[in-house]
Q: 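Here it is, the structure in full.
Order of listing sets the numbers, starting from 1, for every ligand and every atom in it. All residue numbers refer to positions in the sequence shown, counting from 1.
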Amino acid sequence: MIPEIELKSPQEIKLLQEDKLQELMAYLAENSPFYKKVFSENNIDVSDIKLLEDLEKIPVTTKDDLNRFNNDFLCVEPSKLIDYVTTSGTTGNPVFFGLSDKDLERLAYNEAISFACSKITKEDTIQLMTTIDKRFLAGLAYFLGARKLGSGIIRVGAGIPELQWDSIIKFEPTYLIAVPSFLLKLIEYAENNNIELNSSSVKGVICIGEPLKNQDFTSNFLSKKIKRKWNIDLYSTYASTEMSTAFTECEYQQGGHHHPELIIVEILDENNQPVKEGGDGELVITTLGVEAMPLLRFKTGDIVKAHYEACKCGRNTLRLGPVIGRKKHMIKYKGTTIYPPAMYDLLNDFSEIENYIIEIDKNEIGMDNITIKIGAIESSEELMKRLKDHIRAKLRVLPHIEFLSIDEVNKLRFPGINRKPILFVDKRETYVD
Ligand SMILES: [Zn+2]
C-alpha cells in the first residue's frame, strides 16, 4: 500500500504539493480568521503563492500564536467537530485542536500508509500500548489507521506488563506500538516469569517518543539494549498533534518517510531561512487536506535533518532523521551548538555510569554553562579521563563534569512527584518561540 505519488520523481512530488498548497491558500483566505489577518497585515495576495519557494513570503506560525489565538485557527463551525484534542501550550494553558469527520478520515489514511511503510498488512494484529483517551490524538490515530488498513488492533493502553503479556499470549499480535523504554519493562517481566521472549508472536514494534537511532542511522544504546535480549524489528515513527501526520520508517530504516499528499516540510535556520540541503534546522510544516484547523508554516520546535536520496524501498519522498533536539534546549557552548540528546548518547556508552543529569545555566557574561553530574558505580580518575577524552572527541568541546553519589544524582533526577526521570535541567531564562 504505497501511494503512487511516493514512487514518482521529486519534481512530480513538488508539483502535487504546489497544487495542494494553492488549494490550501484559497481555503485559508476564505475560512481561517487567524490567517485572514496574517494575509491582510502582510499584504499577501494568496493567488501569488504558487510554488513551494513562495512560502517564504508568508510569516511563520509559532506555538505562541497557536496558544494566544487558539480559536481563530478554527475554519469550520464548532458543530462540525467530532474529536476534541489538547496538547501542552507555551503558556501552561493547553492548546485545543478540533478534528472534523474529514480530518479523522485523513488521519486514518495517514496512519494506514505509515503502518504500511513498516510492513504491516491487513493480516497483522497490532497491540496498542499507548493511551487512547485523555484528549490525546496518537492512540486514536493508531486505532483508525489499523481499521483503515484492515489490521486487528488490541487496545491495552500504557503500562501494566502483566496485562500486556497476557494479551500477547492470548491474541498473538505480530506488532506492538510502544515507547521503546517500556520494552525493557516487558523484557524484565518476561525474564522473571519464564516467558520465552524470542518465541512470542511479536515480529516488530512501532516505537514512539524516544529515538532509537544515531544520526547516521546506526542503532543507539537503547535500541541495542532491547535487541540484545529480544530479536524484533524496531521501527521509529515521529508525529505530533499539530502535524496530524506521521513520519515512519520503512524496512530499510533510514529515517521517517514523508507523505507528500499530507504535509509540506521546510527545514529553517534561526532566521527562518531554509538551511542548505542536508543541513540541520527547525522542522516547519504546512498541513495539507486538514479541514478544521490547518496550519501554515508552523514551527514545530524540533531540530531535524532531512535526507533526500531515493530510498531502496522505492519511495522518492524525503526522510527525516531522528530528532536532534528541541530548539529551546539548544546550547551554545564555546562556539559549538549542542543539544542535550547528543550528550545522553555519549554518556550511555559507559557501562560504569549508573545515572546522570545535565544542568545548563548562564555565566556572568551571559554564556551557556554545561555541568554534567554523574553517579558512577566506581568513580575514578581513570574513568574521568576516558569520559573527557570521549566527550571531547565527539562534541569537540568539554563541559564541566562532576562525580556525585548515585543517590545524590537520583534525587536530582526525580524532584517532586515526577514518575519519569529528568535528564536535563535548564536554568537559563525561559525561552519564548
Ligand atoms: Zn524507504
Q: Quick one: angle H257 NE2 - the Zn ion (ligand 1) - C311 SG, to the nearest 10°?
A: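 It comes to 110°.
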Q: Anything under 30° is parallel, anything over 60° is perpendicular, the rest tilted; go ahead and classify F73 against F34.
A: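 It falls in the parallel class, under 30°.
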Q: Verify the distance test for C117 against the Zn ion (ligand 1): any N/O/S atom under 2.8 Å, yes or no.
A: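 Coordinating: no.
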Q: Should R392 and D389 count as an ion pair when the cut-off is N to O under 4.0 Å?
A: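 Result for this pair is yes, salt bridge flagged.
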Q: Does the gap between the ring centers of Y109 and H259 come in under 6.0 Å?
A: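 Not under 6.0 Å, so no.
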Q: Using the Zn ion (ligand 1) as the vertex, how large is the angle between SG of C250 and SG of C313, rounded to 10 degrees?
A: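 The two atoms form an angle at the metal of about 110°.
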Q: Can you tell which of I154, I126, V156, L186 makes a side-chain contact (heavy atoms from CB on, under 4.5 Å) with L176?
A: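 In the set I154, I126, V156, L186, the residue that makes a side-chain contact (heavy atoms from CB on, under 4.5 Å) with L176 is L186.
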